[in-house]
Number of protein chains: 2
Amino acid sequence: MTDSVLTPESILDAAEEVFRKYGPTKTTVVDVARALEVSHGTIYRHFSSKLALRDAVTQRWLQRVSAPLAAIAAEKSPADERLRQWFEQLIMIKHQKVLGDPELFATYQAIAEQAREVVEAHVEELVSQIAQIIEDGVAQEIFCSTDSLTAAQAVFNATVRFHHPVHAAEWSAPNIQSDFDQVWRLIMSGLRMPCASSAT
Amino acid sequence: MTDSVLTPESILDAAEEVFRKYGPTKTTVVDVARALEVSHGTIYRHFSSKLALRDAVTQRWLQRVSAPLAAIAAEKSPADERLRQWFEQLIMIKHQKVLGDPELFATYQAIAEQAREVVEAHVEELVSQIAQIIEDGVAQEIFCSTDSLTAAQAVFNATVRFHHPVHAAEWSAPNIQSDFDQVWRLIMSGLRMPCASSAT
DNA sequence: CAAATGACAAAAATCAATATTTGTCATTTG
DNA sequence: CAAATGACAAATATTGATTTTTGTCATTTG
């Protein structure tokens, strides 16, 4: 697209646009090459395979999910409020991406199955943001936790139904928000001061 | 199989066996008819379609999941112990079914997508068993909850990663048990006495 | 000589002709 | 006459021949 200079970045730009337009299953590296007006062999000088290209696109795409969340995580507001905001935002972004653009949803599904490493890194990033908020909450004496990373993992896992794309079909149910509220209340009363006595 | 008498039950028996043997995608109603040594038209006198037959098989199959759980739910032990046992059992059964028999796993996936009503009824049954245990827990002054059904739904939803078949691929991860333990501890401290102050 | 090309083999997807399966129903059977 | 049959049309799946796509690399180009 950006004339004459061919960088990995410009390839990713073109690739992402082509993925969007043709859908993830149907796009070939020849299509991407055509969009850039180069031969498809050229793409292979920059990315070792079609999978590598798709993973790179995915990574950038997931970064655009985690960046605005990082901003929320870094705020100064009370940790309980902030954690709620953070999850509302996460859920909103995921729902939007998945329901708004069905073609992209298929990509996401394919990725989740095949680009395991990229997704795992993304999840790790998200969990560490949650851990940050929880740690702040402990300092503010709102939350009680000996190990904020462990607590963060637990919170992430307990809310999986509301943000993991495999559950996307359930998100259009009318009571999905109240289901989330219920789970949220349960989690929050587990996380909040005063500490519950040790579990059995 | 059972000679000469053809009841809906005997058809289900045969159908289930054929499903097991040939896998869910490949079995035809002709196969089921052959196993019973009748014409395939006969099957249609008892079940209005192949889908209806498959749903009926599924329903019986899911009942064999919920029956042993109902037994646990009805025990007299302390509610917290019993709830833990109940979930361990649920998870064990699901893992076994899904990982033990890959063909059957495919059936389960197909069902979850297509036989929505049957699965929904099953989930409702499970949630009502949890509600029963929680209610006992409140009476025993172990748990604190104003609405046991709502709490039950929350607990079920929060543990979805560990029993919903769409997450089966994650179950072979080495840390799945400790992930469950973490979520369980979080949930339990949310559920347990003394009641946390009202949520924001 | 660094970067891009395009001819090429191997792997994967498409397509249309063929075969199987589903579901119906008029006829047969006990 | 109630229950089962099997011939049938429509829908669906299979198959294998053909095309497209992926990935490599010796050659070309600026």
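Salt bridge status for A:R84 with A:D181: present, with a side-chain N to carboxylate O gap under 4.0 Å. Using a cutoff of 4.0 Å between basic side-chain nitrogens and carboxylate oxygens, A:E9 and A:R60 are scored as salt-bridged.
Among the nucleotides D:dG23, D:dT5, C:dA4, the one closest to any side-chain atom of B:V38 is D:dT5. Distances were taken from every side-chain heavy atom of A:T28 (C-beta onward) to each of D:dT5, D:dT22, C:dA4; the shortest belongs to D:dT22. Among the nucleotides D:dT22, D:dT5, C:dT21, the one closest to any side-chain atom of A:Y44 is D:dT22.
Remark: D:dA10 base-pairs with C:dT21; criterion is Watson-Crick or G-U wobble with both hydrogen-bond distances under 3.5 Å. Base pairing annotation: C:dT28 forms a Watson-Crick or G-U wobble pair with D:dA3, both donor-acceptor distances under 3.5 Å.
If you measure from atom CG of B:L53 to atom P of C:dT21, you get 15 Å, rounded to the nearest angstrom. One interatomic measurement links the two molecules: CZ of B:R45 to P of C:dT29, which rounds to 16 Å at whole-angstrom precision. If you measure from atom CG of B:L36 to atom P of D:dA3, you get 17 Å, rounded to the nearest angstrom. Summarising the geometry, the separation between CG on A:D31 and C1' on D:dG23 is reported as 16 Å, rounded to the nearest angstrom. In this structure, A:I43 places its CD1 atom 14 Å from C1' of D:dT21, rounding to the nearest Å. With rounding to whole Å, A:L6 atom CG is found 9 Å from C:dA3 atom C1'. If you measure from atom NZ of A:K50 to atom C1' of D:dT21, you get 8 Å, rounded to the nearest angstrom. If you measure from atom CZ of B:F47 to atom P of C:dT24, you get 15 Å, rounded to the nearest angstrom.
Closest of all the heavy-atom pairs between A:F143 and A:A79 is CE1-CB, 3.9 Å.
In this structure the side chain of B:H46 never reaches within 4.5 angstrom of the side chain of B:T7, judged on heavy atoms.
Side chain to side chain, A:W61 and A:E16 fail the donor-acceptor criterion of an N or O pair below 3.5 Å.
In this model, the phosphate group of C:dT5 is approached by a side-chain N or O of A:T42 to a distance below 4.0 Å at OP1 or OP2. For A:H46 and C:dA3, the shortest distance from a side-chain N or O to OP1 or OP2 is not below 4.0 Å.
The base of C:dG23 is paired with the side chain of B:H40 by a donor and an acceptor separated by under 3.5 Å.
Both A:S39 and B:L51 lie close to DNA chain C; mapped to their nearest nucleotides by heavy-atom distance, the more 5′-ward contact belongs to A:S39.
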